[in-house]
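Everything on this sheet refers to the single structure shown next.
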Amino acid sequence: MSRALPKNSSAIAAAIGLAVMLLGGLVTAGVWYYASPNYFRVGYEPLQPIAFSHQIHVGGLGMDCLYCHTNVKESPHANIPSTATCMNCHDAAKGNIKSDSPALAPLREAFKTGRPVEWMRVHKVPDFVYFNHQVHVTRGVACVSCHGRIDQMDTVRHAEPLSMSWCLDCHRNPGPNLRPAAAVTSMSWDARTEPLFATKSQGQFANELIRQSGIHPPTNCTGCHR
């Protein structure tokens with residue numbers, strides 16, 4: 001009686017099964033990465049209507065984030081500075097910096113007409129996510145924790161994924177991202193330079209801050225989805 005299957009059928013089946021498992025793993029890994037914010041958000045760096053350099057203004061000139069983004073301590077949303085704020089430094093009538101630069105022509109036109117500069121938004125969470133700048137900033141979460149080293153960026157780019165898992169990692173262990181509220185806009189603050197905690201590690205300093213400020217970030221769904 002002849003065999004219905006070849007002698008090596010078991011080996012063939014095992015090889016096919018292994019190939020299917022490997023392919024499934026590769027597809028899963030590909031979707032996990034390429035369909036995640038780590039791929040399609042991190043590194044996003046759109047061209048802006050005016051070549052505003054944070055590297056020059058923040059890193060070189062030492063401008064504080066709050067000079068332009070004035071309401072992050074009082075509002076859930078971070079504001080884009082008005083043209084009037086920019087013209088405090090670049091208004092020809094005041095004899096200020098680069099007031100006749102061709103690169104700033106769109107700024108002067110916007111100021112003259114009252115129409116805002118159409119900046120391209122870089123950082124954005126989904127519409128179904130509730131994020132409050134005021135709560136984070138006043139509790140000591142630094143700008144650099146979410147936006148990266150803005151002071152080193154000539155063109156602003158998306159530095160962190162801002163995904164749910166990324167946010168939950170911080171909510172479960174906020175210590176590494178905490179600092180005194182007065183230092184939230186500093187790009188290079190270090191706990192070891194804090195006079196009151198100079199002899200303590202970042203972890204010890206964060207524990208002090210968590211205890212003093214009653215910091216208990218939510219990890220339940222309603223904390224961010226409302």
Describe, in one word, how the ring planes of F52 and W119 are oriented to each other, choosing from parallel (under 30°), tilted (30 to 60°) and perpendicular (over 60°). perpendicular
Y130 and V125: side chain to side chain contact (heavy atoms under 4.5 Å, CB included), yes or no, with the steps? CA-CA 8 Å; Y130 175 76; V125 295; over 6 Å; no
One pair to check against side chain to side chain contact (heavy atoms under 4.5 Å, CB included): L162 and R41. What are the steps and the verdict? CA-CA 9 Å; L162 307 185; R41 286 189 192 169; 4.1 Å; yes
Closest heavy-atom pair, H147 versus H133, reported as atoms and distance to 0.1 Å, is NE2-NE2, 4.2 Å
Nearest heavy-atom contact between P49 and V117 is CG-CG1, 3.6 Å
Does any non-hydrogen side-chain atom of D151 lie less than 4.5 Å from one of Q55? no
Say you draw a straight line from OG1 of T85 to CZ of F111; how long is it, rounded to the nearest 0.5 Å? 10.0 Å
Do D91 side-chain atoms and M87 backbone N/O form a donor-acceptor pair below 3.5 Å? no
Rounded to the nearest 0.5 Å, what separation is found between the CD1 atom of I97 and the OG atom of S101? 11.5 Å
Would you call the rings of H57 and H90 parallel, tilted or perpendicular, where under 30° means parallel and over 60° means perpendicular? perpendicular
Would you find a donor on one side and an acceptor on the other, under 3.5 Å apart, between the side chain of R121 and the backbone of H123? yes
For residues V184 and R179, report the shortest heavy-atom separation together with the two atoms involved. CA-CD, 3.7 Å
How close do L178 and W189 get, counting heavy atoms only, and between which atoms? O-CZ3, 4.0 Å
Go through the steps for H77 and H69 under the test side chain to side chain contact (heavy atoms under 4.5 Å, CB included), then give the verdict. CA-CA 10 Å; H77 307 290; H69 305 288; over 6 Å; no
Could you tell me whether the side chain of F131 reaches within less than 4.5 Å of the side chain of C167, counting heavy atoms only? no
OG of S188 to CZ of R149: how many Å apart, nearest 0.5 Å? 5.5 Å
Within a 6.0 Å radius of atom CD on E74, are there more than 12 heavy atoms belonging to other residues, nucleotides or ligands? yes
Are Y67 and V58 connected in a single hydrophobic cluster, I mean Ile/Leu/Val/Met/Phe/Trp/Tyr linked by side-chain heavy atoms less than 4.5 Å apart? no
Once rounded to the nearest 0.5 Å, what's the spacing between atom CE of M63 and atom CD1 of I56? 12.0 Å
Output the distance between atom CG (N173) and atom CG (L168), rounded to the nearest 0.5 Å. 12.5 Å
Is there side-chain contact between C65 and V72, with heavy atoms separated by less than 4.5 Å? no
What distance do D154 atom CG and Q152 atom CD have between them, rounded to the nearest 0.5 Å? 12.0 Å
Verify the neighbour count for atom NZ of K124: are there more than 12 heavy atoms of other residues, nucleotides or ligands below 6.0 Å? yes
Is there a side-chain contact between V156 and E45 in this structure, where contact means two heavy atoms from C-beta onward sitting under 4.5 Å apart? no
Check the pair I150 / M187 against side chain to side chain contact (heavy atoms under 4.5 Å, CB included), numbers first and verdict last. CA-CA 8 Å; I150 290 289; M187 295 287 111; 4.3 Å; yes
Looking at D64 and L66, what are the two nearest heavy atoms and their distance? OD1-N, 2.8 Å
With a sphere of 6.0 Å drawn around CZ of R108, does it hold more than 12 non-hydrogen atoms of other residues, nucleotides or ligands? yes
Closest non-hydrogen contact found for V122 with Y44 is O-CD2, 3.9 Å
Just wondering, do E160 and V42 contact through their side chains at under 4.5 Å, heavy atoms? no
Within a radius of less than 6.0 Å around NE2 of H171, do more than 12 heavy atoms belonging to other residues, nucleotides or ligands occur? yes
Looking only at side chains, do T70 and N79 share a donor and an acceptor under 3.5 Å apart? yes
